[in-house]
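Every chain is numbered from 1 and lettered A, B, ... according to where its sequence line falls, protein lines coming before strand lines.
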Amino acid sequence: MTRETLAGTLEEIALLLELKGENPFKIRAYRQGAEAVLNYDGDIVAKATADDLKDIKGIGEALREKLHELASTGVLKFHQDLRSQFPEGLFELFDVQGLGPKKVKALHESLGIGSIADLKQACEAGKVAELAGFGAKTQVKILEALALRESFADRFLLGMVTPVVETILETLRQHPDVSRSAVAGSYRRAKETVHDLDFLVATKEPAQVCKDFTLLPEVKSIIACGETKASVRLNDGIQCDLRAVSNEQFPFALQYFSGSKEHNVALRSLALKQGLSLNEYGFTGDTSELPPIHEEKDIYAALGLDYIAPEMRENRGEIEAAAENQLPKLIELENLRGTFHSHTTASDGHHTLEEMAEEAIDLGLQYLGISDHSKSSPQANGLNEQRLMAQIKEIAELNKGYEKFRLLAGSEVDILKDGSLDFDDELLMQLDFCVASVHGVFNLSEDEMTRRICRAMENEHVTMLGHVTGRVLLKREPYQVDHARIIDCAAETRTIIELNCSPKRMDMDWRWWKRARDKGVLCSINPDAHSIARLHHIGLGVRMAKKGWLRRQDVFNTRPLEDVLKFLATPKSKR
DNA sequence: GCCGTTTTCGGCCCGACTGTTTTCAGTCG
């Protein structure tokens with residue numbers, strides 16, 4: 001039983017209850033329960049098994065009992081009974097744009113549709129258009145949505161959409177009728193993957209700006225275009241929304257559309273307690289005492305809160321912290337002094353030691369850690385002992401030519417199946433630092449994988465742990481690890497954990513960093529760069545670190561070179 | 001189904017857009 005299973009079951013119940021047309025607030029309670037399970041800071045599975053789920057906000061009497069039954073027996077009768085009333089494939093219908101519970105229910109009850117394949121067939125036969133509440137246009141839209149679903153993924157990597165976001169923002173900025181513009185939504189919150197892009201403008205000509213937005217060269221098709229809102233699909237498949245508001249409304253709209261939904265719900269209920277109602281256009285209710293609102297921070301201030309950075313707006317305690325002046329002072333990109341974990345042509349990188357060093361210097365860094373693969377990764381042209389020794393010498397030679405910069409000699413050494421390392425200690429001692437990572441044998445049990453990784457961290461020469469779960473976002477599932485145990489082990493062994501900020505990894509996940517921080521575990525923001533361009537991903541890494549509530553002092557590579565060298569020369573037990 | 005410095009009962013965020021309607025339901029964010 002895992003935390004994800006518990007939360008997933010509650011989510012599924014919510015969906016099933018929607019299909020049954022249950023009370024929407026009950027449905028929401030299940031969703032919020034799922035969220036509470038995911039966010040709970042502790043061993044929720046053990047607590048559910050022991051029926052010890054007291055005082056968790058969002059989990060009341062009924063959910064407590066259900067979670068206990070599920071955790072202790074592996075199944076939940078309530079859930080199974082609900083499930084048996086609908087066909088398996090019905091769930092995938094919810095992924096089709098434009099289909100919600102009511103329509104899915106109607107399709108199922110009237111036409112017996114229980115899968116995507118059924119739906120496609122019924123549309124092509126013209127049966128869907130004949131249903132009450134449906135029509136010819138709806139049928140066409142469903143067919144389009146199905147085609148879209150086949151050709152594109154519905155989520156995109158944060159790092160991959162950055163260029164198109166910058167381009168569109170720039171165009172909006174230059175529009176003669178636009179006074180302010182911004183990107184909002186999950187992009188602004190730095191979620192590792194985004195479903196769509198949300199843009200916002202302040203203008204006196206909303207309808208015109210909306211229309212012009214749909215004419216951008218990046219636009220493939222128009223989903224909707226109204227007086228104040230437009231929705232389009234871009235050439236690369238991502239959906240892109242624009243909201244046009246007045247200058248006075250802009251901060252409210254920016255706050256609102258930045259989300260998250262959970263953060264906003266919490267913020268609004270806080271407002272309600274103060275006799276205020278908050279929407280995307282402003283405050284209503286007793287506004288006589290309110291100061292003027294010019295920007296987002298004025299909204300938070302009006303509610304008695306410190307300004308909350310967008311990355312933190314996930315309703316994971318930030319509102320409470322803001323009310324008590326307890327928000328952390330988050331790390332900024334300019335705090336970084338260097339970075340670790342980069343590859344060169346020696347293994348599977350695209351640039352030489354010198355080229356990587358030049359780029360790091362251009363980025364204003366004082367040091368760059370080189371960590372090519374080790375010999376057990378032949379697919380990545382991993383270095384054997386001789387080649388690594390040669391690289392150490394080469395780095396020493398190059399360092400003679402730099403005045404205020406230093407290449408650090410390291411290795412991304414494979415953690416073998418039993419937790420031993422690909423190089424012996426004598427060789428590891430020759431290095432400035434060592435990143436230990438799992439690159440093969442992914443199919444171990446959670447316990448075995450966790451022990452394997454912990455054993456590696458116990459090695460005196462392992463400076464940091466590389467990509468904790470090995471996930472490749474949107475592509476490969478993480479290998480199973482017990483994050484809590486790994487964090488505890490890192491704290492005990494004084495091993496740094498890497499925040500691998502390659503856009504496809506973002507590993508360790510942001511949801512775990514606050515816990516690691518509180519246990520005194522240091523983070524290193526590492527690009528895992530295989531080319532000079534990818535060194536720039538440290539910027540994304542900083543945003544992800546903010547999402548994990550990390551401060552400057554929590555991140556190892558904010559330290560200047562001198563301090564880093566001193567740290568690396570100190571035995572782990574004394575760090 | 002959850003929750004409580006208005007409440008142990010009665011609320012629970014709310015507006016834009018579309019399509020099918022003829023005044024509104026459904027979906028989305």
Taking for each residue the nucleotide of DNA chain B bearing the nearest heavy atom, is the 5' side occupied by A:Lys137 or by A:Leu278? A:Leu278
Main-chain N/O of A:Asp196 paired with A:Arg155 side-chain donor or acceptor, under 3.5 Å: no
Options B:dC3, B:dG29, B:dC12, nucleotide nearest the side-chain atoms of A:Asn23: B:dC12
Would you say A:Asp212 and A:Gln208 are linked by a side-chain donor-acceptor pair, where the criterion is simply a distance under 3.5 Å? yes
Looking at the base of B:dG29, is there any donor atom on it, or on the side chain of A:Asp241, that sits under 3.5 Å from an acceptor on the other one? no
With the side chain of A:Tyr281 defined as its heavy atoms from C-beta on, choose the nearest nucleotide among B:dG15, B:dC12, B:dG29. B:dG15
Between B:dG1 atom C1' and A:Arg28 atom CZ, what is the distance in whole Å? 11 Å
When you check the phosphate oxygens OP1 and OP2 of B:dG26, does a side-chain N or O of A:Lys102 lie under 4.0 Å from one of them? yes
Of the options B:dC2, B:dC3, B:dG15, whose atoms approach the side-chain atoms of A:Asn279 most closely? B:dG15
When rounded to whole Å, the NZ to P distance for the pair A:Lys26 and B:dG10 reads 18 Å
Please confirm whether any donor atom in the side chain of A:Tyr256 sits under 3.5 Å from an acceptor in the base of B:dG29, or the reverse. yes
So what does A:Ala136 touch, heavy atoms closer than 4.0 Å: a base, only the sugar-phosphate, or nothing? sugar-phosphate
Contact class for A:Leu99 vs. all strands (heavy atom < 4.0 Å): base, sugar-phosphate, or nothing? sugar-phosphate
Nucleotide paired to B:dG10 in any strand shown, Watson-Crick or G-U, under 3.5 Å: B:dC3
For B:dT5 versus B:dG1, give the span between their P atoms, rounded off to a whole number of Å. 23 Å
On DNA chain B, more 5' by nearest nucleotide between A:Thr228 and A:Phe134 is A:Thr228
Spacing of the C1' atoms in B:dT21 and B:dG26 (rounded, Å): 13 Å
Rounded distance in Å - CZ (A:Arg64) to C1' (B:dC2): 14 Å
In terms of ring plane angle, is the pair A:Trp512 and A:His483 parallel, tilted or perpendicular, where the classes change at 30° and 60°? parallel
Do A:Phe252 and A:Phe283 make the cut of ring centroids closer than 6.0 angstrom? yes
Sugar-phosphate, base or nothing in reach of A:Pro24, heavy atoms under 4.0 Å: nothing
Any side-chain N or O of A:Lys273 below 4.0 angstrom from OP1/OP2 of B:dG4? no
Using atom C1' of each nucleotide, how far apart are B:dT27 and B:dG10 to the nearest Å? 27 Å
Indicate whether OP1 or OP2 belonging to B:dG19 is found under 4.0 Å from a side-chain N or O atom of A:Lys141. yes
Distance, C1' atom - from B:dC13 to B:dC28, rounded to whole angstrom: 14 Å
Do A:Glu318 and A:His263 have side-chain N/O donor and acceptor atoms under 3.5 Å apart? yes
What's the shortest heavy-atom distance between A:Asn279 and A:Tyr281, and which atoms? OD1-N, 2.8 Å
Does A:Glu61 reach a base, just sugar-phosphate, or nothing at all? Heavy atoms under 4.0 Å. sugar-phosphate
Looking across every strand, which nucleic acid part, if any, lies under 4.0 Å from A:Gly259 by heavy atom: base, sugar-phosphate, or nothing? nothing
Could you tell me how far apart A:Glu144 (CD) and B:dT27 (P) are, to the nearest whole angstrom? 18 Å
Pairwise P distance for B:dA25 and B:dT20, with rounding to whole Å: 16 Å
I'd like the P distance from B:dC17 over to B:dC12, given in whole Å. 25 Å
Rounded to whole Å, the CG-P distance (A:Asn264 to B:dC12) equals 17 Å
Is the closest basic N to carboxylate O distance between A:Arg31 and A:Glu262 below 4.0 Å? no
With a 4.0 Å cutoff (strictly under), does any side-chain N or O of A:Ser269 reach OP1 or OP2 of B:dC12? no
Choosing from B:dG29, B:dA16, B:dC12, which nucleotide comes nearest the side chain of A:Phe25? B:dC12
Need one value for A:Lys105: base, sugar-phosphate or nothing, where a base atom within 4.0 Å counts as base even if backbone is also close, heavy atoms only. nothing
Contact class for A:Leu267 (heavy atom, under 4.0 Å): base, sugar-phosphate, or nothing? nothing
Within this structure, what is the CZ-to-C1' distance between A:Arg31 and B:dC13, rounded to whole angstrom? 16 Å
What is the distance, to the nearest angstrom, from the CZ atom on A:Arg243 to the P atom on B:dC17? 7 Å
Separation of A:Gln255 CD from A:Lys297 NZ (nearest 0.5 Å): 14.5 Å
Nearest to the side chain of A:Thr138 - B:dG1, B:dG29, B:dG19? B:dG19
Is the shortest side-chain N/O distance from A:Ser277 to OP1 or OP2 of B:dC13 below 4.0 Å? no
Of the listed B:dG29, B:dG1, B:dT18, the closest approach to the A:Ala224 side chain comes from B:dT18
From CG of A:Leu197 across to P of B:dC28 the rounded distance in Å is 18 Å
